[in-house]
Amino acid sequence: MGDEAKKKALRVVTVASKWLEDPRVGYSGEVNPAAAGGQGLSTLVMAGARVSVAEPGRLVCSLRVRAQLTDAEGRWHAGAVAAAVDNICSATAFTVVGAPTATVDYALSYYSPAHHNEEVKMDARAVNRKGKLTAAVVEVRKKDSGELVAIGRQWVTPAWPTKTNKGSKL
């Protein structure tokens, strides 16, 4: 990989990491205060996220389950889990595609609940590329015990044409 390609890969990974920690970050890597309204759900579910690993094709972050995102029994709401998984899968795909993506297939399996104030770790990897499609998989685990909370699988495609995606019919 040449110097320019390395610089671009580093920039894309940096933008994806910043976006997970603050969904108001735009594709330039700068915070866009005007984006706050359009990113409300992402901002809520990713609040307090901290990225610990960021490289092309892999992102790892952790966050604490907030009270607003729990059900009546104090368990992390399934919809909030789904939104967090969607965010990290999209960000991981972004690290290899280098462009915003649109989801074309999404699956999520739940194994055990995480509870209010419990810290979870999300480990996402880009696992496959087929033409214009990129697949990402994420494992969500309780940080203290390592117990599996959920596994998400997502296929995405660039949301608009890129240099390598000029003729998309999606």
Side-chain angles (χ1 to χ4, degrees), residues 12-97 100-128 134-157 159:
V12 168
V13 167
T14 300
V15 169
S17 298
K18 285 181 176 181
W19 182 79
L20 283 174
E21 292 178 346
D22 185 350
R24 297 173 305 150
V25 169
Y27 300 116
S28 67
E30 301 300 317
V31 172
N32 178 1
Q39 297 297 332
L41 180 60
S42 293
T43 301
L44 184 62
V45 299
M46 299 307 293
R50 294 171 317 282
V51 175
S52 57
V53 175
E55 56 196 36
R58 183 163 185 232
L59 291 169
V60 178
C61 75
S62 59
L63 57 86
R64 196 162 293 282
V65 176
R66 299 173 60 216
Q68 310 87 305
L69 302 174
T70 61
D71 62 17
E73 285 79 37
R75 296 179 300 237
W76 197 15
H77 191 279
V81 176
V85 165
D86 180 57
N87 286 335
I88 195 166
C89 282
S90 293
T92 302
F94 181 83
T95 69
V96 295
V97 174
T101 59
T103 302
V104 295
D105 186 57
Y106 182 84
L108 184 58
S109 299
Y110 298 93
Y111 296 95
S112 64
H115 294 86
H116 170 247
N117 214 26
E118 197 163 22
E119 193 167 7
V120 294
K121 177 179 157 186
M122 297 187 294
D123 188 342
R125 296 174 188 269
V127 295
N128 199 0
T134 302
V137 174
V138 61
E139 285 188 0
V140 182
R141 294 185 176 272
K142 296 178 181 181
K143 194 161 184 183
D144 288 341
S145 69
E147 183 179 2
L148 186 62
V149 173
I151 294 178
R153 296 161 302 281
Q154 186 173 24
W155 282 93
V156 299
T157 190

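Note that these values count all heavy atoms, side chains included, but never hydrogens, waters or copies made by symmetry.
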Checking side-chain contact (heavy atoms from CB on, under 4.5 Å) for the pair His115/Thr70: CA distance, chi angles, key distance, verdict? CA-CA 7 Å; His115 294 86; Thr70 61; over 6 Å; no
For the student: nearest non-hydrogen atoms of Val120 and Ala114, plus distance: CG1-CB, 3.8 Å
With a 6.0 Å cut-off (strictly less than), is the heavy-atom count around NE2 of His77, excluding the residue itself, greater than 12? no
Interatomic spacing from CZ in Arg125 to CD in Glu55 - rounded to 0.5 Å: 7.5 Å
Using every non-hydrogen atom in the two residues, find where Tyr110 and Ala78 come nearest and quote the distance to one decimal. OH-O, 2.8 Å
Hey, is the main chain of Pro56 close enough, under 3.5 Å, to the side chain of Arg58 for a donor-acceptor pair? no
Looking at every heavy atom in both Tyr106 and Ala82, which two are closest together, and how far apart are they? OH-O, 2.8 Å
Quick check on side chain to side chain contact (heavy atoms under 4.5 Å, CB included): which of Thr92, Asp86, Thr101 does Val156 satisfy it with? Thr101
Side chains of Lys142 and Ser112, heavy atoms from C-beta outward: is any pair under 4.5 Å? yes
Close side-chain approach of Trp19 and Asn87, heavy atoms under 4.5 Å: yes
Contact check, side chains of Val149 and Glu147, non-hydrogen atoms, under 4.5 Å: no
Identify which one of Asp71, Val45, Val65 satisfies the side chain to side chain contact (heavy atoms under 4.5 Å, CB included) criterion when paired with Trp76. Val65
Any Arg141 side-chain heavy atom under 4.5 Å of Asp123 side chain: no
How about Met46 and Cys61: do any of their side-chain heavy atoms sit closer than 4.5 Å? yes
Ala16 to Thr95 - nearest heavy-atom pair and separation: CB-CG2, 3.6 Å
Thr134 to Ala126 - nearest heavy-atom pair and separation: CG2-CB, 4.4 Å
Interatomic distance, CD@Gln154 vs CD1@Ile88, rounded to 0.5 Å, equals 11.0 Å
CD-NZ distance between Glu139 and Lys121, expressed to the nearest 0.5 angstrom: 9.5 Å
What pair of heavy atoms forms the shortest contact from Glu21 to Ala49, and how long is it? CG-O, 3.3 Å
Flag the pair Met122 / Leu63 as yes when at least one side-chain heavy-atom distance between them is below 4.5 Å, and no otherwise. yes
Quick one, Leu44 and Arg66 - any side-chain contact, counting heavy atoms below 4.5 Å? yes
If you measure from CH2 on Trp155 to SG on Cys89, what distance do you get to the nearest 0.5 Å? 12.0 Å
Sequence-distant partners of Val137, side chain to side chain contact (heavy atoms under 4.5 Å, CB included), two or more places apart: Val127, Ile151, Arg153
Do Asp144 and Glu119 come close enough that some side-chain heavy atom pair is under 4.5 Å? no
